[in-house]
2 protein chains.
Amino acid sequence: MKTLRADAQRSRERIVQAAETAFRQHGVDASLEAIAKDAGVGSATLHRHFRSRRELVEAVFEGSTNAVAAEAARLAAEQPPGPALFHWLQAVLRYTLTNRGLATTLVPLPDENHEGSCGHDALGAAAEPLLAAAKAAGQVRADVTAADVLALVNAISLLADRDPGADAERLLGLAITGIAPSACTGH
Amino acid sequence: MKTLRADAQRSRERIVQAAETAFRQHGVDASLEAIAKDAGVGSATLHRHFRSRRELVEAVFEGSTNAVAAEAARLAAEQPPGPALFHWLQAVLRYTLTNRGLATTLVPLPDENHEGSCGHDALGAAAEPLLAAAKAAGQVRADVTAADVLALVNAISLLADRDPGADAERLLGLAITGIAPSACTGH
DNA sequence: CCGCAAGTGGGGGCACACCCCATTTTGAAG
DNA sequence: CTTCAAAATGGGGTGTGCCCCCACTTGCGG
């Protein structure tokens with residue numbers, strides 16, 4: 001990033017702001033052209049700043065995603081490892097639920113060259129220490145990874161995104177404590 | 001349903017057949033117009049038979065969904081309750097994974113007036129007895145419902161749909177046996 | 001103050017969903 | 001077999017949205 005020109009920077013901010021409003025009102029599938037018009041820029045400008053809808057969505061939610069990631073440290077300091085992890089996962093879930101469509105952009109793009117932009121990474125990094133602590137305390141199975149728990153939360157978010165009738169928090173609770181306590185999954 | 005006219009019936013079948021091919025090749029987001037053309041009908045005809053893309057998708061997958069539902073009975077007869085349930089859930093998961101995009105249509109439509117068409121119902125009905133048996137055998141927690149387990153499978157399907165890197169079967173295993181064996185979710 | 005690269009936006013191309021309505025097809029009654 | 005009204009059809013029109021081209025404007029280092 002080689003220092004955007006001043007006017008370009010302004011355009012970018014206006015677009016993100018307009019997008020934030022539009023996403024809140026019409027979901028993340030809001031018309032990009034409408035966003036451009038609201039922002040007072042041409043659609044070409046929007047497309048130059050954000051090559052894809054996804055990029056725009058990530059820019060809009062970057063701040064709040066980092067805030068949720070930061071929450072992890074706070075919880076780790078205030079609660080024992082097990083509950084800290086659980087409550088943080090709940091927080092992540094609630095966060096995605098309050099922004100319909102956000103869940104979709106938190107799952108890593110399959111072919112992404114991984115330039116670190118994806119908000120998924122921030123959450124992954126935040127989960128790591130929480131999970132490690134919970135494992136050390138023997139409250140979480142040793143063979144579970146941060147990617148696993150995040151994937152599960154994300155999966156539930158995606159479901160709740162489409163089916164408002166689903167009780168996402170309940171499902172998270174079930175996934176954590178397990179549906180079948182006795183391991184009947186073997187042979 | 002008041003007996004479609006013969007030609008209408010023929011059109012309908014040709015559309016479903018063309019759609020099946022198109023969905024396999026381009027996913028469930030394939031162009032409806034292209035499907036209509038392949039089927040040799042006008043786009044208006046397609047839209048009259050299937051008021052929405054979703055309706056068409058459901059028609060295409062109706063048969064195989066019922067087949068998976070039927071599989072439940074077979075497993076129940078051949079295996080003890082616990083493994084039967086687990087293996088059937090695995091089967092449902094694999095089924096959705098082999099048809100990218102299918103997972104989306106298996107989640108019930110929020111406002112649907114529930115005319116029974118939704119393939120979700122068939123799976124729900126199939127899950128019920130399996131789950132009841134597993135509960136009776138004490139291999140599954142008593143507070144879990146059929147809707148719960150299916151929701152979890154569906155959630156994982158949705159995730160895997162978007163992130164091919166996710167190991168869906170592994171996640172299902174985790175959700176069933178639980179991430180945190182000791183219930184650290186309390187207070 | 002100048003020049004030019006960075007930045008801009010209107011408008012065009014394209015693809016798709018969805019619908020209107022003149023026309024054809026069906027099938028049952030006479 | 002003829003007739004004909006209702007059922008079914010499909011070409012084409014409309015609207016919307018994404019994306020890009022390219023002539024034009026603007027910030028800013030010299």
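Here is how names work: the chains are called A, B, and so on, in the same order as the sequence lines, proteins then strands, and each is numbered from 1.
Between R10(B) atom CZ and dT9(D) atom C1' there is a gap of 12 Å when expressed in whole angstrom units. Spacing between atom CD1 of I15(B) and atom C1' of dT9(D) amounts to 11 Å, rounded to whole angstrom units. Spacing between atom NE2 of H26(B) and atom P of dA15(C) amounts to 13 Å, rounded to whole angstrom units. Between I35(B) atom CD1 and dA15(C) atom P the separation is 17 Å, expressed in whole Å. Across the protein-nucleic acid pair, D38(A) atom CG and dG9(C) atom P stand 14 Å apart, rounded to whole Å. Between the CZ atom of R14(B) and the P atom of dA8(D) there is a distance of 16 Å, given to the nearest Å. Distance K37(A) NZ to dT8(C) C1': 18 Å, rounded to the nearest Å. Taking atom CG of L46(A) as the reference point, atom C1' of dG11(C) lies 16 Å away to the nearest angstrom.
Among pairs with a residue in residues 76-92 of chain B, those fulfilling salt bridge (charged side-chain N to carboxylate O under 4.0 Å, His left out) read R74(B)-E78(B), at least two apart in sequence or across chains.
Checking T177(A) against R141(B) by side-chain atom types alone, a donor-acceptor pair falls below 3.5 Å.
Side-chain contact between S157(A) and L106(A): absent, with no pair of heavy atoms (C-beta onward) separated by less than 4.5 Å. Counting heavy atoms from C-beta outward, F23(B) and R100(B) have side chains that stay 4.5 Å or more apart. Residues V28(A) and R53(A) are not in side-chain contact: their nearest non-hydrogen atoms beyond the backbone lie 4.5 Å or more apart. A heavy-atom distance below 4.5 Å is not found between the side chains of E13(A) and R10(A).
H49(B) has a side-chain polar atom (N or O) that falls below the 4.0 Å cut-off from OP1 or OP2 of dT9(D). At dA8(D), none of the side-chain N or O atoms of T45(B) fall inside 4.0 Å of OP1 or OP2 (strictly under the cut-off).
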What protein N or O atoms touch nucleotides 16-20 of chain C N or O atoms at under 3.5 angstrom, if any, and at what distances?
from	atom 1	to	atom 2	distance (Å)
dA17(C)	OP1	R53(B)	NH2	2.3
dA17(C)	OP2	L32(B)	N	2.9
dA17(C)	OP2	E33(B)	N	3.4
dA17(C)	N7	E33(B)	OE2	3.0
dC18(C)	N4	E33(B)	OE2	3.1
dC19(C)	N4	S43(B)	OG	3.4

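Evaluation of atom-type donor-acceptor distances gives no pair under 3.5 Å for the side chain of R5(B) against the base of dA8(D).
Ring geometry, F61(B) versus Y95(B): the interplanar angle exceeds 60°, so the pair is classed perpendicular (tilted spans 30 to 60°).
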